[in-house]
**Q** 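This is the structure, below, for whatever I ask next.
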Amino acid sequence: MTGQDDSTIIVMRRDATAANIDHIVERLRDIGAEAHVSQGQLRTVIGAVGDRAVIQQLPWEAFPGVERVVPILKPYRFVSRDFQAADSVVDVGGVPVGGGALVVIAGPCAVESRDQLFATATAVQQAGARILRGDAFKPRTSPYAFQGLGEKGLQLLAEAREETGMPFVAEVLDTRDIELVSSYADLIRIGARNMANFTLLAEVGRQPKPVMLKRGFTATIEEWLNAAEYIYKEGNHQVILCERGIRTFEPQTRNTLDISAVPVVKGLSHLPILVDPSHSGGRRALVPSLTRAAVAAGADGVMVDVHPSPETAQVDGGQALHPTEFATLMDEVRAVAKAIGRKA
Ligand code: PEP
Ligand code: MN
């Protein structure tokens, strides 16, 4: 491609017809550009990707149904607010994430056994969590540490879903496991260590389940949004971001929770953003304050590690809340949400 490969947004009028939209999509394809159609509640916008000089040769504003034409200068396009002004709402097994109500995801870091998972799942559900977390594949710093139960773990999560009615999120580490994880989980998670694994991102963009993308611990917000774009541009528009702390010079916490990422991302992108207070602070004592701060900052929800006996946990016991502590935290979450006019 010659010239500047960038994108242009063609904003349609509210009364534009399907034929008006098809006509533009066809003309874009004729000139070798890609057309990505986004149907909003009020109006449709068409993202035209290709050589901007070529795209701009056509008088788009004179086409029937077109309201205006806006160039996008950001390196990420479809996840940006320029492309879609309204907040995206992602459906996770019947639970909406984004767009108003606050969602709490909770559960053990890793699935260890049926008893451990079921005890946690029932407790977090009773306390008000809507989505269960639990991993079958764990990215561990040491290759000798517990790596997860694999498919057996996914089966237990599916049973816990049957039992409680809660959809679940689980991490996928490798392209070879995407089909397996996707066949069980309601929401697939890409962890911090894989945020820049572009092959994995594109591949989860081509499967049907929604994806939670955690921020890499050395990634800037722009790098993170570009990573989300890798998923989105493959056709999977159900992307949820999750801030989980970044690596700084401060050793008192496992990572430094970048609370400003919440309002910054809200300004730049229409995607929902969650906060993981457990992997940020890395210490149980910090989880309540970080959770309250995340809700107050406008996050669409939080994802919290809970374990029935944190002292015996095989993974991340030091940051897991006991179910009773989680129940107390849920009361606080509801109170903070109410104070800022949100439902929890
Ligand atoms: C996790 O949520 O279990 C996890 C491994 O988090 P992160 O990828 O943010 O380190
Ligand atoms: Mn963990």
Side-chain angles (χ1 to χ4, degrees), residues 92 97 103-112 116-117 120 124 129 131-143 145-150 153-154 157 168-174 177 181 185-197 200-201 204 210-219 221 223-224 227-228 231 239-248 253-259 261-262 265 273-284 286-287 290-291 294 299 301-321 326:
V92 177
V97 179
V103 71
V104 177
I105 303 177
C109 181
V111 180
E112 296 167 20
Q116 171 247 16
L117 180 64
T120 318
V124 299
I131 300 173
L132 177 66
R133 68 153 287 153
D135 286 336
F137 296 96
K138 290 308 304 175
R140 303 307 302 282
T141 304
S142 163
F146 175 61
Q147 306 284 314
L149 296 180
L154 294 169
L157 284 158
F168 75 84
V169 56
E171 178 159 357
V172 68
L173 295 174
D174 191 303
D177 297 323
V181 179
D186 302 281
L187 173 63
I188 292 188
R189 199 175 73 246
I190 300 292
R193 289 156 195 79
N194 268 320
M195 189 213 82
N197 182 340
L200 185 62
L201 298 176
V204 294
V211 179
M212 179 199 291
L213 177 66
K214 292 187 97 174
R215 180 179 182 182
F217 38 70
T218 58
I221 289 172
E223 287 163 343
W224 186 21
I231 304 170
V239 182
I240 299 167
L241 299 166
C242 182
E243 160 64 40
R244 47 80 70 215
I246 50 177
R247 189 163 279 185
T248 66
T253 48
R254 179 172 171 174
N255 295 279
T256 299
L257 174 60
D258 181 8
I259 201 75
V262 175
V265 164
I273 176 167
L274 307 180
V275 167
D276 178 342
S278 309
H279 290 81
S280 316
R283 287 199 276 134
R284 176 175 311 115
L286 302 176
V287 172
L290 299 183
T291 302
V302 288
M303 180 167 75
V304 184
D305 278 16
V306 178
H307 196 288
S309 64
E311 58 290 351
T312 63
Q314 296 206 53
V315 190
D316 286 346
Q319 70 193 29
L321 295 184
F326 177 70

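Atoms within a ligand are numbered from 1 in the order they appear, just like the ligands themselves.
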**Q** Angle at the Mn ion (ligand 2) between SG of Cys109 and NE2 of His279, to 10°?
**A**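 Angle SG(Cys109)-the Mn ion (ligand 2)-NE2(His279): 140°, rounded to 10°.
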**Q** Got the closest protein heavy atom to atom 6 (O) of ligand 1, with its distance?
**A**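 I find the closest protein heavy atom is Lys214 NZ, 2.9 Å.
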**Q** Give me the one residue out of Arg284, His307, His279 that meets side chain to side chain donor-acceptor pair (under 3.5 Å) with Asp316.
**A** His279
**Q** Under 4.0 Å from a heavy atom of Arg189: give me the atoms of ligand 1 that qualify, with their elements.
**A** 1 (C), 2 (O), 3 (O), 4 (C)
**Q** Do side-chain atoms of Asn194 reach the backbone of Leu173 as a donor and acceptor pair under 3.5 angstrom?
**A** yes
**Q** So, are Arg189 and Asp135 salt-bridged, with charged N and O less than 4.0 Å apart?
**A**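 Salt bridge flag = yes for Asp135 with Arg189.
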**Q** Any chance you could measure Ile105, atom CD1, to Ile240, atom CD1, to the nearest 0.5 Å?
**A** 6.5 Å
**Q** List every atom of ligand 1 that sits less than 4.0 Å from any heavy atom of Asp135, numbering the atoms from 1 in the order shown and giving each element.
**A**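 Atoms satisfying the 4.0 Å criterion: 3 (O).
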**Q** Mind checking whether Ile221 and Val265 have side chains closer than 4.5 Å, heavy atoms only?
**A** yes
**Q** Taking 4.0 angstrom as the limit and counting only heavy atoms of Cys109, give me the atoms of ligand 1 inside it, by number and element.
**A** 3 (O)
**Q** Which residue owns the protein heavy atom closest to atom 4 (C) of ligand 1, what's the atom, and how far is it?
**A**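 Nearest protein contact, heavy atoms only, for atom 4 (C) of ligand 1 is His279 NE2, 3.4 Å.
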**Q** List every atom of ligand 1 that sits less than 4.0 Å from any heavy atom of Arg193, numbering the atoms from 1 in the order shown and giving each element.
**A** 7 (P), 8 (O), 10 (O)
**Q** Short question: side chain of Gln319, backbone of Gly281 - any donor-acceptor pair under 3.5 Å?
**A** no
**Q** Under 3.5 Å between any N/O of Arg133 and any N/O of ligand 1: does that happen in this structure?
**A** yes
**Q** Are Arg244 and Asp258 close enough for a salt bridge, meaning some N to O gap below 4.0 Å?
**A** no
**Q** Identify, by name, the N, O or S atom of Asp316 lying closest to the Mn ion (ligand 2).
**A**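 That would be atom OD2.
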**Q** Return the CD1 to CE distance between Ile231 and Met212, rounded to the nearest 0.5 Å.
**A** 11.5 Å
**Q** Can you check which of Met195, Arg244, Met303 brings a heavy atom nearest to atom 7 (P) of ligand 1?
**A**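 It is Arg244 that holds the nearest heavy atom.
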**Q** What part of Ala192, side chain, backbone, both or neither, has a heavy atom within less than 4.0 angstrom of ligand 1?
**A** both
**Q** What part of Asp305, side chain from CB on, backbone N/CA/C/O, both or neither, has a heavy atom under 4.0 Å from ligand 1?
**A** neither
**Q** With heavy-atom distances below 4.0 Å as the criterion, list the atoms of ligand 1 near Gly191.
**A**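 Checking each atom against Gly191, I get 8 (O).
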**Q** Is Ser309 reaching over with its side chain to a backbone N or O of Glu311, donor-acceptor style, under 3.5 angstrom?
**A**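 No; zero donor-acceptor contacts below 3.5 Å.
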